[in-house]
Every structure is written in C-alpha cells, then in structure tokens.
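What follows is a short report on a single structure.
Letters A, B, ... are given to chains in the order of the sequence lines, protein chains preceding strands, and every chain is numbered from 1. These figures come from a predicted structure and were not determined experimentally.
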Amino acid sequence: MSSALPRSARSFSAFRSAHLPAAPLVRSLAQRIALGPLSLCLTIALRRAARSRPEAFARLGPFRTAAFVIAPAELPFVFVLRPRGADGSVQACAEPETWDAKVSGPLAVLLGLFDGGMDADAAFFARRIKLEGSTEAMMALRNALETAELDLVDLLPAQLPRRSLLGLGLKRTADAVRSFAGAA
Amino acid sequence: MARSIELVCPAGSPAMLRAAIEAGADSVYCGLADDTNARNFPGLNFSPAELAENVAWAHDRGARVLVAVNTFARAGAVDRWRASVDSAVRAGADAIIAADLGVLAYASAAHPGFRTHLSVQAAAGTPDAIGFYARNYGVRRVVLPRVLSVEEISALAQEIEVETEAFVFGGLCVMAEGRCALSSYATGKSPNLTGVCSPPSSVDYVEEAGVLSARLGGFTIDRYGRSEPAGYPTLCKGRFDATGAASYLFEDPVSLNAMSLLAALRRAGVTAVKVEGRQRGKAYVARVASAFRAAIDALDRGEDPARFESMLVHLAEGGRETTGAYRKAWR
C-alpha cells in the first residue's frame, strides 16, 4: 500500500480489503445487478422477434436450443443467446463454461452482422471476427437473423420514447465506427 | 434502355432476393430448403410458400426468378426432386436450373414449355453435350463450367442454339461440380447428397496464438498467420506440403471477378452473367449487384466499366481476386 496515499484513502483501502474482498461471488452478484436490466430488455426483444417472425426462427432447426455466445471485444461481458422461440433468452454475463457456438469481434462489426449491414464471410476473411464451436449452428443463426431482417431498433424496448430515432442513431454510430476502423 | 447482358444474382433467402433486385439484378436464382439444390446450408433457402410470395414480389418489379433443382436425384427418393420442380412451377418461377437427366426429363414431360436452364453441375462445355440437352429436354440456356476461356466461350456460342450464362463473381470451382471426390474423402459425405462441398458440420476453425487452422472432416487444410486473410474450408483451396514446400496444389483461395471481361464476354455472345454466393447474405449481394449493374450500364452507354472493379475486393475470399480460366495466362 503506497505511503503516498492520503490517510483517509489508506484507511478505506484497508477496510475494503478486510470487509469487501474481490471474491468471485461478489463480483458475480454485482454483474447480475448491473447487467440485469440489459438482459431483460434484450430477452423481451428476442421474444418479440420470435412472435413476429416465427418463420425466421424456424430456420434454426435443431439449433433452437443451442447456446450462442456473442463476445464484443470492447466489453467485459458477453451475450449468451438461447433462441428457443417464444421462451428464448439473452443474458449479458460472464462467459459460461459451456456453449455451442461463439462469435467474437468489435461491437460495431457484430452489430453490422446482426442487422445484415455487413457481410459475415467478408468479416471472417478479413479476420475481423472469430468463430469458435459449431460452425453449423452459427451458420443457422446467421441465416435465421438474415431472414428475420431485424434492425438495431428492434433491440430497444417497444415503449421507449423516440425509439425509431434512437435506433437510427445506434445504426449510424455503428456505421461510423466501422468506417473509421476501416471495416467494410 | 435494352440491356445487352442479363445480370443474374444469388438469393439464399427472401431478404437476399429483395436486396439483389433492389440493387439492380435482372434475375435471381434460389433453391428450396432441402437437398434438391447445391447450397443446402442450415437455415438457408426458401419454403414453397416463401418462394411463391417472393416470385410475385420479383415479378412486380420486372425481375425474374430461377429455381435451382440442380443436385442429382437420389435413387429411390426422386419424388423430392419432382416435388421441387412442381413447387417452382406452381410458384410462378421463370425457369428451373437442373443438371440431372431424370429431373430434366420430368420437367419437360410434366411441364411442357416451362423454361429449363442447364446447371453448371452438368459440366456441359462442348457443342455436342449442350446440343444433347437442348434436343432431348428443351434446355434453353446453359450455365457454363468455370474452366473455359473467353475464346473457348466465343467458339462454343457460335455452334449452339441455346443461351449462355457465365459466372463473373464469387467462389470458383474447377472440379466436376457436385461430384467432387476430394470432399467425399475428407468428410465421408457426398457433396451432391448434402448439397454442399464442405458441410458445415464437418468444418472447424481453431485459433491458437493468432494462427487460424481450418479443418475439414478433421483434416487441417490450411493455416492462416495472424494477419493473413482466411478462405473457405474447401479442400481444393487447401495448402499442403508437397516435396518440402507448402503451396496451394489445386487453386488459390481467391474469388473470381471478371468485371474487366464484361465487354469480351458480351462480344463472345454470352447472354447472362452470374454472381455466385447464395450462402453469403444481403450485404454481399447488394454490393455486388450494384457494382455489376453500374458496370453493365456503363458498358451499354459505351463507357469503360473499369472504375467499378475495385468496389468488390473486400468481399473476395482471401482478399484477392482472379479472372480465373477466362484468361488462361498459364498456357
């Protein structure tokens, strides 16, 4: 502990070390609290999409029950997508120990893959995304998303004021980031 | 303005079909969601209902829909191929694309007058072969194998009565398409019966310390360095050690881009140019269709389409392009 710290900071650090250890349990609980609302919003969005575009989700076939990990490089957590139609879920959390397929890469690129604005194969050729696990499952997910024709606005809560405008803002931000980074 | 050459683009999904037509495709080709077509990927293709709906949408916009029923029918299960032909006709499609003699025979007998195109999977590249299909099954157009030079196409076009369609962008295959023994050896599956040469269930990509290994059926077929562009996991584009050096023994993992040869192909008598890539997606087809639409329109105005060539390099497999066999520079 640095003696250059003021006395009050040293005291707090000592208190924290003694009474609030950085244990995995505490960290996990903190994450759930912080990411809970995000997980809930995305789960609602997923189920709304499944209700409005059942034919798209049917394309998943046997991979409806698969666990897909979407791992944005910039974020300290991942998204675990379990389609399962009307009772699917999206959980923002630490990476689980087991999953079926995983895609990782810059958030702007992953958003581009989600709304079909980016060609997944080109992103893969250019090594902008990394695929792990079941190639078959990931391909089924890609094709299902393409058919669903979801947009970034579909990720937002239905009752959100100025939803369309926010969705457009999200898309333009993602496009700008991709252009800046030189991603096609 | 009458267009001199038809642009035929891939449609692996309804979204991709609409993107292709909105970007300027004159025609799109698609398949039904089963093994009767050679892009039987999970989640890809059309149900009969989706096909009918999207054929109507395309026709409202002056575009044509060609339905690929181009794998070879399995003995004892031919009803599935016949059903696909029937679905295409019921949906109001403009043509089927087929390779199997039985499928062609069924189409001409059950639906006389319905337009049929000969798939590249028939590997018909001579006047005798093409003439046989035309005389016996009423084939009206042949999709040419991707192994002919422009000069060979020109000579061929003068000796046949049917239209020709030539690939100009996308993945290349220099094998007997749909009958590749290499794929069967590696995966234990027939590229014809599974409808793909590298079934996704047999594909693995493993990255360790920045080096990406592509595996097909457990065989490592290539390794890409940290900043090296990757390619498709097809055995013919694998990199192998032979006589002490690693090289691409069959073909490089590159994409065909024959935009620079549009004028030559037109002079050679080619009716339509075709973009490969039903498995790619709407972002891909929108970009490629736009570029080739602009190029063909420029050509029709008497302008040089060269300025549109560089629009597509980032979509190329391995980040590199080739004019393939159209210019056989190695001879």
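- Under the 3.5 Å distance criterion, the side-chain polar atoms of A:Arg142 are left unmatched by any main-chain donor or acceptor of B:Gly43.
- By the 4.5 Å heavy-atom criterion applied to side chains, A:Thr147 and B:Phe46 are not counted as neighbours.
- The residue among B:Val203, B:Asp204, B:Val206, B:Val285 with the most heavy atom pairs within less than 4.5 Å of chain A is B:Val203.
- For A:Leu131, the part lying near chain B is the backbone, with the side chain staying farther off; criterion is any non-hydrogen pair under 4.5 Å.
- Within a 6.0 Å sphere centred on CZ of A:Arg53, other residues, nucleotides and ligands contribute more than 12 heavy atoms.
- A salt bridge does not link B:Arg280 with A:Glu146: every distance from a Lys NZ or Arg NE/NH1/NH2 to an Asp or Glu carboxylate oxygen is 4.0 Å or more.
- Under a 3.5 Å cut-off, the side chain of A:Asn143 and the backbone N or O of B:Phe41 do not form any donor-acceptor pair.
- Taking the side chain as every heavy atom from C-beta outward, A:Glu149 and B:Arg18 approach each other to under 4.5 Å.
- Once rounded to the nearest 0.5 Å, the distance linking CG of A:Asp121 with OH of B:Tyr284 reads 9.0 Å.
- With a 4.5 Å cut-off on side-chain heavy atoms, A:Asp119 and B:Arg287 do not count as touching.
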Give the C-alpha distance, both sets of side-chain angles, the deciding distance and a yes or no for side chain to side chain contact (heavy atoms under 4.5 Å, CB included) between A:Arg127 and B:Tyr224. CA-CA 10 Å; A:Arg127 311 287 294 275; B:Tyr224 309 101; 3.5 Å; yes

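- Per-residue counts of heavy-atom pairs under 4.5 Å with chain A were compared for B:Pro42, B:Ala286, B:Pro199; the largest is that of B:Pro42.
- Closest heavy-atom contact between A:Gly116 and B:Ala283: O-CB, 3.3 Å.
- Top candidate by heavy-atom pairs under 4.5 Å with chain A, chosen from B:Ser227, B:Ala19, B:Ala15, is B:Ala15.
- Residues A:Met139 and B:Gln279 form no side-chain contact, since every pair of their non-hydrogen atoms from C-beta on lies 4.5 Å or further apart.
- Separation of atoms OG (B:Ser202) and CD (A:Glu136) is listed at 8.5 Å; rounding is to 0.5 Å.
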